[in-house]
Amino acid sequence: MKKAICTCLFILLLIPYYARACTIFCGKAKNGHVWAGNNEDGAYTFDTYINVFPKTEDTQYGYYTLSYFSAKNGESGAIEGGMNEAGLFYDFNSIKRTSVKNIHTKQLFPEGDDRILNHILAHFKTVQEVIDFFDTYWFEMGFTSAQMHVADKYGNFGIIGPSGSRILKNSPYQISTNFDICGNEDSSACWRYPIIHEKLEQGETGLDLFTDICESTSLKGRYSNYTIYSNIQNLNTGEIWFFLTSDYDTPFKTSIKALLAKGRKSYRIQDLFKDHPIKILHDDYLEKGGAYTFQKYKSLNLPEERKKEIVSIFINAFLAKNYDVTLLPFLEEYLQFDPVGHWLRSLRATLYFQMGEKDKAISIIEDYKREVPETSMDVSGILNRFEGRYDENYNTTIALSGFRNARQVFVKGLPVAFNFLTKKDGKWTGKFHLDPGVYHYSFIVDGKEILSSTTPVKRVASSYEVGTFVLTHQVSVELSEEAYQTTVKVKVPHKEDIVYITGAQDNLGNWIPYYRLKKVSAYEREITLELHYPAKLKFLNANWKKEAVITHDGNSANGTSTVMLRDLKTENRVYRIEQWRDIPNKDD
């Protein structure tokens with residue numbers, strides 16, 4: 001089970017580089033003080049946390065960390081950033097997934113992957129110490145699609161990533177966005193980088209300049225992402241400023257000393273801003289619903305740009321996830337200034353359809369098709385769904401009994417374009433075509449997520465909160481319903497061989513090589529995973545550019561690189577890598 005849980009320990013370090021786009025910068029002031037700033041950018045969430053860890057008998061320094069979704073994520077490999085009382089700061093940029101340079105020379109940290117990021121803040125005070133640590137150790141899993149931006153109060157700046165590391169000891173500043181600095185990627189590809197560079201060249205390092213940089217590079221819904229919060233810290237004085245959702249007029253000021261004095265605590269960042277419009281509207285929505293919240297929003301005396309950002313946040317953070325029809329006024333408002341996006345137009349039509357306004361729903365889709373004839377929307381597909389017709393090649397039926405008085409029912413978690421169910425004969429039903437795999441889902445009934453009492457429930461590791469489990473429904477397509485603990489052993493041709501496993505399942509990375517086999521002897525590697533059967537997999541080398549040609553049970557596999565585990569009864573899962581060969585070009 002360990003490997004299955006580990007997947008969620010590296011939410012930051014494994015996600016696609018475009019999913020979270022942080023802007024990080026640091027610089028030296030004329031008085032010698034070192035400043036660090038960060039915009040935490042990504043899909044909007046109201047659940048971000050500051051987690052405070054005072055010094056203990058086992059640590060040298062007190063520190064705080066930042067985390068998404070849960071305070072628990074601030075104690076493990078899911079830490080987003082942090083600072084300690086010695087003036088050491090780090091944060092992360094997402095980058096394109098990259099193999100780890102010289103990974104065969106790296107050791108595994110004795111305390112485990114999920115203690116590495118805490119260990120750095122608890123025991124180090126300089127960038128050089130962090131560089132030296134990663135020269136020796138690396139994660140067993142993860143840290144392949146992120147780089148660490150590090151600064152200390154002595155004026156040293158560093159970058160550590162899978163492509164390597166660097167340290168700047170006499171530079172006035174350092175900037176990192178979403179390009180692989182140690183991999184020599186081009187900074188000009190990111191629009192934020194030249195803005196920061198120019199301001200740091202011309203301005204005076206300090207709170208005013210760093211606040212201006214945060215505001216100038218804030219996303220505000222750009223690419224459907226937002227600057228969720230910003231943090232600026234003086235590494236010499238320990239002062240810290242937080243800003244919520246691109247609002248740079250009303251900071252929350254604290255210090256590392258003040259935080260540590262209150263003991264071991266976690267704070268949801270938005271709760272620090274009790275009078276902030278986002279905080280007020282969020283709480284109103286949870287307590288009084290979408291209609292009331294929309295009227296409160298309309299009464300806000302804010303610049304038009306800020307109001308547009310708030311509407312966009314409510315659409316993406318609530319309506320697009322829970323399909324709550326009480327938020328329909330927010331969607332109508334949003335489409336007044338951004339009428340093009342077809343997924344929002346289809347969502348609008350779907351909500352009206354499920355409210356019983358079928359003709360209006362059809363009209364919305366037909367009007368959109370006339371306005372944007374080249375649209376990629378499956379227009380015929382959604383219109384057929386409105387008429388109760390499904391694609392002939394569907395292979396999965398999802399049904400919810402009861403809830404006769406419900407107005408809207410959606411299925412959440414399936415990779416389908418139109419996920420609404422239709423009511424017929426007292427049952428809500430949807431028919432979908434799904435590729436082979438195992439899928440977890442729940443139902444959204446009138447904006448509330450529920451599980452059906454008549455459908456089996458599974459307990460699976462949470463994708464958001466480290467070390468926890470969630471209850472969910474499951475559907476398997478061409479794979480076993482149950483997952484079985486499976487140990488795979490590999491004999492390698494060279495002592496220095498690093499072996500990754502990948503395949504067509506979540507716990508095999510869906511053909512992305514997340515999982516590295518452990519070295520059990522000079523020529524043996526192994527891994528234990530929970531797999532559904534049949535399991536299709538292959539082995540890759542350290543830089544993922546070569547695949548293994550294998551034999552099994554001493555029999556020639558005729559140069560095959562793909563393994564198929566067909567059933568649990570096949571006990572011998574020992575494979576021999578005869579050679580490594582270049583992965584064939586898909587276009588060949």
Side-chain angles (χ1 to χ4, degrees), residues 12 20 22-24 35-54 62-75 78-85 89-92 121 207-208 210-215 217-220 225-235 237-287 293 296-297 300 302 306 309-310 313-314 317-318 464-465:
L12 167 72
R20 188 161 297 147
C22 295
T23 302
I24 314 170
W35 292 73
N38 167 66
N39 273 354
E40 194 63 31
D41 302 331
Y44 199 86
T45 173
F46 291 94
D47 294 316
T48 52
Y49 293 84
I50 309 167
N51 313 289
V52 183
F53 300 85
Y63 60 94
Y64 78 83
T65 67
L66 299 164
S67 63
Y68 278 90
F69 307 123
S70 167
K72 290 183 179 180
N73 290 343
E75 303 180 50
I79 290 171
E80 297 291 331
M83 171 187 172
N84 69 16
E85 61 185 329
F89 159 90
Y90 67 65
D91 211 293
F92 294 92
L121 291 174
L207 179 61
D208 290 342
F210 274 41
T211 303
D212 178 45
I213 290 173
C214 286
E215 185 168 16
T217 57
S218 178
L219 292 188
K220 302 182 179 71
N225 283 322
Y226 305 85
T227 296
I228 305 165
Y229 65 83
S230 303
N231 52 293
I232 297 171
Q233 36 272 308
N234 182 318
L235 303 187
T237 66
E239 295 172 289
I240 308 164
W241 292 261
F242 284 98
F243 306 84
L244 185 63
T245 318
S246 304
D247 178 0
Y248 297 97
D249 296 324
T250 56
F252 175 84
K253 183 185 177 184
T254 185
S255 68
I256 186 71
K257 183 178 180 180
L259 290 174
L260 294 173
K262 295 179 180 180
R264 171 70 185 96
K265 291 186 177 181
S266 291
Y267 308 85
R268 191 166 64 165
I269 291 177
Q270 79 163 25
D271 290 341
L272 303 176
F273 297 82
K274 307 220 179 268
D275 298 322
H276 196 283
I278 282 290
K279 160 70 174 171
I280 293 170
L281 291 174
H282 170 261
D283 291 351
D284 282 343
Y285 170 68
L286 295 181
E287 182 180 349
T293 305
K296 175 71 74 70
Y297 154 80
L300 292 175
L302 293 173
R306 290 287 293 143
E309 184 181 17
I310 289 172
I313 286 170
F314 268 78
F318 286 120
Y464 298 102
E465 187 172 350

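Computed from a prediction, not measured in an experiment: that's the story for all the values here.
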At their closest point, which heavy atom of Tyr226 faces which heavy atom of Lys220, and how far apart are they?
-> CD2-C, 4.1 Å

Minimal heavy-atom distance between Pro251 and Trp241, with the atoms involved, is CB-CD1, 4.3 Å

CA sep, side-chain torsions, deciding dist, call: Ile278, Tyr44, side chain to side chain contact (heavy atoms under 4.5 Å, CB included) = CA-CA 12 Å; Ile278 282 290; Tyr44 199 86; 3.6 Å; yes

Inter-residue atom distance Tyr64.OH - Leu260.CG, 0.5 Å rounding = 10.5 Å

Thr48 and Glu40: side chain donor to acceptor below 3.5 Å | no

Find the distance between CG (Asp247) and CZ (Arg306) and round it off to the nearest 0.5 Å.
-> 5.0 Å

Any chance you could lay out the side chain to side chain contact (heavy atoms under 4.5 Å, CB included) test for Phe53 and Arg264, step after step, and finish with the verdict?
-> CA-CA 5 Å; Phe53 300 85; Arg264 171 70 185 96; 3.3 Å; yes

Quick one: sort the Phe314 and Phe318 rings into parallel, tilted or perpendicular, breaks at 30° and 60°.
-> tilted

If you round to the nearest 0.5 Å, how far is CG of Leu235 from CD1 of Ile240?
-> 9.5 Å

Residues Leu281 and Lys296: closest non-hydrogen pair is CD2-CG, 3.5 Å

Determine whether Arg268 and Asp47 make a side-chain contact, defined as any pair of heavy atoms from C-beta on separated by less than 4.5 Å.
-> yes

Can you see which heavy atom on Tyr68 is nearest to which on Asn73, and at what distance?
-> O-ND2, 2.8 Å

Can you name the one residue among Ile228, Ile269, Ile313 that meets side-chain contact (heavy atoms from CB on, under 4.5 Å) with Phe46?
-> Ile313

Keeping to residues at least two apart or across chains, list the ring-ring contact (aromatic ring centres under 6.0 Å, His included) pairs with something in residues 242-271.
-> Phe243-Tyr248

pair Ile24-Phe89: side-chain heavy atoms closer than 4.5 Å = yes

Roughly how far, to the nearest 0.5 Å, is CG of Asn38 from CD1 of Ile213?
-> 12.5 Å

Calculate, to the nearest 0.5 Å, the distance between atoms OG1 and CG belonging to Thr254 and Leu272 respectively.
-> 8.5 Å

What's the shortest heavy-atom distance between Thr227 and Thr217, and which atoms?
-> OG1-O, 4.5 Å

Sequence-distant partners of Lys253, salt bridge (Lys or Arg N to Asp or Glu O under 4.0 Å), two or more places apart | Glu239

Can you tell me how far the OG1 atom of Thr250 sits from the CG atom of Asp275, to the nearest 0.5 Å?
-> 9.0 Å

Write down the atom of Ser67, the atom of Asn51, and the distance for their closest heavy-atom approach.
-> OG-ND2, 3.1 Å

Kindly determine whether Glu75 and Thr65 satisfy side chain to side chain contact (heavy atoms under 4.5 Å, CB included), including the steps that lead there.
-> CA-CA 8 Å; Glu75 303 180 50; Thr65 67; over 6 Å; no

Looking at Lys279 and Asp283, does any basic side-chain N land under 4.0 Å from a carboxylate oxygen?
-> yes

Can you tell me if Asp284 and Thr293 form a side-chain donor-acceptor pair at under 3.5 Å?
-> no

Option from Thr211, Asp41, Asn39 for which side chain to side chain donor-acceptor pair (under 3.5 Å) with Ser230 holds | Asn39

